[in-house]
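Quick notes on the structure that follows.
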Amino acid sequence: MNLPISLPTLPNIPGLPPIPLPVLPPPFDVLIEFMQTSEFMEFAVELSLKLLVFPGLAFIMLYAMLAVWGERKLHARIHLRIGPYHVGPIFGLFQLVADGIKLLGKEIVTPERSHKFFYHLAPVLIMSLSMITLAFIPFFPVGPGEYWTIYYSEYSLLIILALFSLRPFIMIMAGWASNNKYTMMGAMRAAFQLLAYEVPLMLSMASVVILAGSFDLAKIVESQANMWFIVPCFLGFIVFFISTMAEICRRPLDIIVAEQEIVFGPWTEYTGMEYGLIMMSEYVDVAIASFLTSILFLGGWHGPGLHPLVWLLIKMGILSMFFMIGRSTWPRLRIDQLLDAGWRKLIPLALVQVFIAIVLVYVLKVIVV
Amino acid sequence: MSSYLRPLYMALVHAFKRTFTVKYPFEILQPAERYRGRIKLNMDKCIGCGVCSYICPNRAITLVEHEGRKYPQLDYGRCCFCGFCVEYCPRAALEHTQEYEIAAYTKEELIYSPLKMAEPAKPFDRRIVTVKGLDSKLGPGHG
Amino acid sequence: MDVERLLEEIKTKLSDVLVEAKIDRPRYASIKVKPEGMVKAATLLKENGFNHPLSVSGVDYPDRGEVEVVYHVSCLDSKSLVALKTALPRGQPSMPSLREIWRGVHFHERETWEMLGVKFEGHPELKRFLLQEDWEEGVYPLRKEFKLKPES
Amino acid sequence: MPIRVAWGIQHPMSGHLTLYLDVDGDIVLNTEADVGYTHRGLEKIAEYRNFIQYVPVIERACDFDASNFALGYVRAVEALMGIEVPERAKYLRVIAAELSRIMSHLYAQALLSMTGGFETMTVWSANDRELILDLLERLSGARVTHTYIIPGGVRADIPKGFKEKAYDVLNYLERRIWDYYKMLFQNKTFQDRTMGVGVLSKQDAIELGITGPNLRASGVDFDVRRDDPYEAYDKLDFEVVVEKEGDSYARALVRFYEIAQSIKIIKQALKDLPEGPIRCKTPPMLPRGETYTRIESGRGELGVYIVGSGTNKPYRLKISAPSFRNLAGLVYLCRDIPMGDIPVIYYSLDILLLDVDR
């Protein structure tokens with residue numbers, strides 16, 4: 001893969017003896033030898049570039065800052081107020097940095113009779129789970145068959161689905177470990193909601209997979225070159241949008257963290273940077289949701305003119321605004337209404353959509369897989 | 001279906017209306033001219049009769065010696081700003097100012113001695129805003 | 001039914017326990033009854049349409065040595081109001097609870113018990129209501145001997 | 001096996017109240033209310049304050065609806081003294097009371113929309129309540145606890161530019177409440193959360209002694225302002241809003257339409273405000289005897305039972321607060337419902353704990 005930057009090589013300064021390499025037992029000497037080759041160096045630099053810059057840390061921090069600023073300004077304007085005002089250049093852009101520094105200063109409290117190990121493990125897990133999901137999303141084509149993604153596999157959609165289904169366990173772990181009635185109720189609600197909305201999520205993905213013919217996200221985007229999948233499966237788009245909203249628990253489907261009923265759901269007892277991690281993972285989830293929606297239905301990086309990555313970011317930006325606007329337009333649904341909507345309304349719609357997809361592909365042969 | 005999308009339409013329409021909030025420490029809202037704020041004592045008019053301390057519902061006013069004469073001393077920890085003392089004072093020695101920023105760190109600081117009550121009203125040194133634009137399409141705002 | 005006809009009916013039916021019955025204002029009557037006649041009077045009132053309970057107030061008269069309990073009940077159709085009063089001995093004031101007749105007086109009776117010590121037999125939940133947990137038994141704040149310390 | 005959860009005093013939406021819920025899964029089987037956190041013994045204080053001094057104290061019994069409570073107490077005192085307030089003071093009292101009712105209804109709507117997590121309506125209602133507070137500040141000198149209505153009449157006449165300012169605000173509010181209707185009452189999610197929740201039948205409402213908008217939402221056509229008119233209400237025409245369903249949505253709707261009615265009342269009162277004095281002499285002492293007067297406050301029918309003692313301090317004062325009687329409705333309704341409905345029912349009944357504890 002030709003990288004836009006020059007590769008560093010091991011420094012052998014003339015005049016000084018070459019750096020003696022350590023002699024290690026059998027399995028490691030092969031590893032050391034392999035690390036000498038330029039091919040490994042190239043892989044290491046590229047991987048660190050991906051981990052630390054684009055889909056990794058720097059992008060997430062930047063996106064979170066913009067998302068926090070955008071969301072709070074959007075809600076403020078709808079509430080006829082001003083929103084963050086004093087921190088940072090454009091009226092409060094550095095609000096997340098300010099909140100982060102504040103949270104870093106706060107003490108991390110451990111509730112008295114809570115299960116210490118699992119209590120402190122939960123926020124770390126929820127954050128890492130959200131970040132891992134980013135590793136499998138292809139962002140833009142680099143070569144003919146090459147894509148800019150941390151781990152390229154033909155089953156990337158399946159892996160993401162598997163990671164999505166891991167989320168309720170971490171919430172139950174947090175709810176159970178913090179030894180508080182409200183967190184227990186929040187954990188049970190998390191189990192209900194996330195399981196209820198995984199089925200429509202899968203079915204709406206299924207319709208896209210049928211049209212694209214493969215589980216690989218890159219191929220799905222490639223097959224949307226001339227017609228975005230939102231056109232044939234618009235129903236699928238709606239079902240997918242609503243069920244991802246439930247998966248990342250955004251209002252109006254956020255009974256997991258319903259402040260008015262169960263204080264803050266499974267996350268009630270967390271303070272300090274643990275609370276920061278949980279909030280951060282919420283914005284990473286919004287990023288994932290908008291990436292997935294734009295890749296599956298809005299044709300990923302396809303778009304006239306601009307660089308493919310820019311197109312993906314534009315679509316993702318607009319979609320994340322739509323994920324966030326729910327907070328100030330609809331009140332929260334009750335748990336039984338929410339589950340009823342999940343099981344009785346979304347799943348039939350998704351099934352209809354799958355039927356349409358099958359008809360389109362195999363019966364009318366309109367779309368060649 | 002319309003009632004799902006109507007709030008979304010209303011929210012987006014309101015996103016472009018005028019903001020209603022006041023940036024309080026930097027701007028201040030214009031109190032009404034009849035506003036019952038801090039109570040100012042006019043030392044020479046006061047005859048020390050104690051009607052104010054009798055009528056005060058929360059017993060906030062007590063009479064205090066000062067250079068041989070009795071003057072009211074107001075404890076803002078108890079005062080409920082009902083304005084009865086100003087209304088029932090026979091010599092109109094007490095009057096309202098438009099100040100309402102009289103918070104203090106300790107309860108003792110809240111007890112205003114007659115001298116402190118006699119200080120003249122401080123004018124507002126910040127931008128004063130009033131409600132305007134009630135009839136405009138943009139909705140009311142403070143400017 | 002309106003207040004005048006109600007008074008005639010009360011005078012005829014409750015003549016033995018009736019102490020006095022008069023009309024203070026148009027559509028506002030007050031009936032004073034002996035304690036044992038309360039349940040009868042209450043059921044009679046309820047049958048005549050007075051089924052909207054307003055309040056239960058206790059008034060302590062140390063000089064007359066009695067605690068007067070006043071039930072205010074209104075009839076929504078005829079828009080009239082009745083005050084059903086009874087006087088109880090001040091030492092151990094107790095009377096049958098009218099909770100079965102008017103469901104709404106549940107909290108009112110509980111508060112009157114707490115504030116004045118009027119024991120309502122048959123009331124399912126006579127326990128601390130508004131006062132703090134460590135309020136010692138037997139002290140009833142709204143009695144005249146309970147003095148507020150005059151502030152400053 | 002139900003666990004006992006304290007939906008209690010340390011809870012974002014509970015206010016000064018602890019509800020001990022027997023929760024089985026997500027269903028609340030039974031509720032027990034523990035109140036008294038804001039009990040200040042206002043009835044005992046009444047025996048230590050003369051009838052003029054007590055007006056600011058009783059306004060603290062329900063400070064979202066201060067003028068109505070002051071009006072309730074003052075009418076009881078005047079009924080005991082047997083004095084008649086001049087005509088202009090009656091109209092001014094109606095204006096202050098109706099402004100205070102709009103203030104109370106807007107705040108109730110703000111809290112109810114907060115229960116579904118709907119901050120937008122909360123902030124909008126609070127914004128427009130500010131305009132009403134400005135009007136009351138111009139009229140009486142204080143934003144929330146006005147102490148404007150005192151025995152014998154009213155403390156001050158309307159200031160110079162008050163009528164024009166009031167017409168501006170009221171015209172704006174009249175248009176504005178239809179924004180609320182589109183945003184809140186036609187919001188399908190809000191309808192899902194409140195329709196059919198906490199249904200109070202007409203018979204239960206009457207027997208439990210429920211008052212105010214909650215009673216009218218259950219189909220009972222009763223309003224003290226029309227059926228037992230006081231001050232200038234018999235000279236002003238307005239309709240009494242009645243709904244039939246008796247659920248949380250109907251209660252919110254009754255309060256919503258009552259704001260429109262109050263605006264109509266204030267405009268009429270401002271238009272035909274008679275000339276004349278605004279206060280009359282009051283005898284120095286409260287005569288012996290007792291009386292019970294009632295007015296329609298924002299939350300319901302406020303009954304004041306006062307026993308005169310011949311001195312200027314009442315012998316006994318009983319405040320029959322509307323929220324105290326609605327509390328019976330809350331405990332009755334919070335049975336066999338999902339956990340999510342507790343805040344909706346609690347705030348649709350518009351129970352203010354300052355009222356309950358006095």
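Everything quoted here is computed from the prediction, not taken from an experiment. Throughout, protein chains are lettered first and strands after them, A, B, ... in sequence-line order, and every chain is numbered starting at 1.
Taking chain D as the reference chain and counting heavy-atom pairs below 4.5 Å, the highest number among C/Leu54, C/Val59, C/Asn51 is found for C/Leu54. Chain D forms the most heavy-atom pairs under 4.5 Å with one residue out of C/Trp102, C/Tyr28, C/Phe129, and that residue is C/Phe129. The candidate from D/His39, D/Arg325, D/Glu43 with the greatest count of non-hydrogen atom pairs under 4.5 Å with chain C is D/Arg325. For the options C/Met115, C/His108, C/Lys46, heavy-atom pairs under 4.5 Å to chain D are most numerous at C/His108.
The environment of NZ in D/Lys244 is sparse: at most 12 heavy-atom neighbours from other residues, nucleotides or ligands sit within 6.0 Å. The environment of CD in C/Glu20 is crowded: more than 12 heavy-atom neighbours from other residues, nucleotides or ligands sit within 6.0 Å. Heavy atoms from other residues, nucleotides or ligands lying under 6.0 Å from CZ of D/Arg4 number more than 12. Counted within 6.0 Å of CD on C/Glu145, heavy atoms from surrounding residues, nucleotides or ligands total more than 12; the atom is thus considered enclosed.
Remark: C/Arg128 engages D/Asp34 in a salt bridge, criterion side-chain N to carboxylate O under 4.0 Å. The pair D/Glu290-C/Lys32 does not count as a salt bridge, with every side-chain nitrogen at least 4.0 angstrom from each carboxylate oxygen.
For D/Val307, the part sitting under 4.5 Å from any heavy atom of chain C is the side chain, from C-beta outward, and nothing else. Heavy atoms of C/Asp60 lying under 4.5 Å from chain D belong exclusively to its backbone. At a 4.5 Å heavy-atom cutoff, the contact between C/Val56 and chain D is made by backbone atoms alone. If you measure heavy-atom distances from C/Gln132 to chain D, you find no contacts under 4.5 Å at all. Within the 4.5 angstrom heavy-atom criterion, no atom of D/Val224 approaches chain C. Only the backbone of C/Pro141 has a heavy atom closer than 4.5 Å to any heavy atom of chain D. For a residue to count as touching a neighbouring chain, one of its non-hydrogen atoms must lie under 4.5 Å from one of that chain's; by this rule D/Leu327 touches chain C with backbone and side chain alike. Neither the backbone nor the side chain of D/Tyr37 comes within less than 4.5 Å of any heavy atom in chain C. The contact between C/Glu68 and chain D is made entirely by side chain atoms (from C-beta outward), counting heavy-atom distances below 4.5 Å. Of the two parts of C/Lys127, only the side chain, counted from C-beta on, holds a non-hydrogen atom closer than 4.5 Å to a non-hydrogen atom of chain D. Only the backbone of C/Arg143 has a heavy atom closer than 4.5 Å to any heavy atom of chain D. Both the backbone and the side chain of D/Asp204 come within contact range of chain C, with heavy atoms under 4.5 Å apart.
Looking at every heavy atom in both residues, C/Leu130 comes nearest to D/Val356 through CD2-O, 4.2 Å. Heavy-atom minimum distance, C/Glu111 versus D/Phe324: OE1-CZ, 3.9 Å.
Between C/Ser74 and D/Arg294 the shortest side-chain heavy-atom distance falls below 4.5 Å. Residues D/Asp228 and C/Leu81 form no side-chain contact, since every pair of their non-hydrogen atoms from C-beta on lies 4.5 Å or further apart.
Here D/Leu302 contributes atom CG and C/Ser55 contributes atom OG; the two are 10.5 Å apart, rounded to the nearest 0.5 Å. Atom-to-atom distance recorded for D/Tyr48:OH and C/Leu148:CG is 4.5 Å, nearest 0.5 angstrom. How far NE2 of C/His72 is from NZ of D/Lys318: 9.0 Å, rounded to the nearest 0.5 Å. Atom CZ of C/Arg103 is separated from atom CD1 of D/Ile206 by 11.5 Å, given to the nearest 0.5 angstrom. Once rounded to the nearest 0.5 Å, the distance linking CG of D/Asn326 with CZ of C/Phe107 reads 11.5 Å. From C/Ser30, atom OG reaches atom OH of D/Tyr292 across 13.5 Å, with rounding to the nearest 0.5 Å.
In this structure, the side chain of C/His52 engages the main chain of D/Ile210 through a donor-acceptor pair within 3.5 Å. Under a 3.5 Å cut-off, the side chain of D/Arg316 and the backbone N or O of C/Gly58 do form a donor-acceptor pair.
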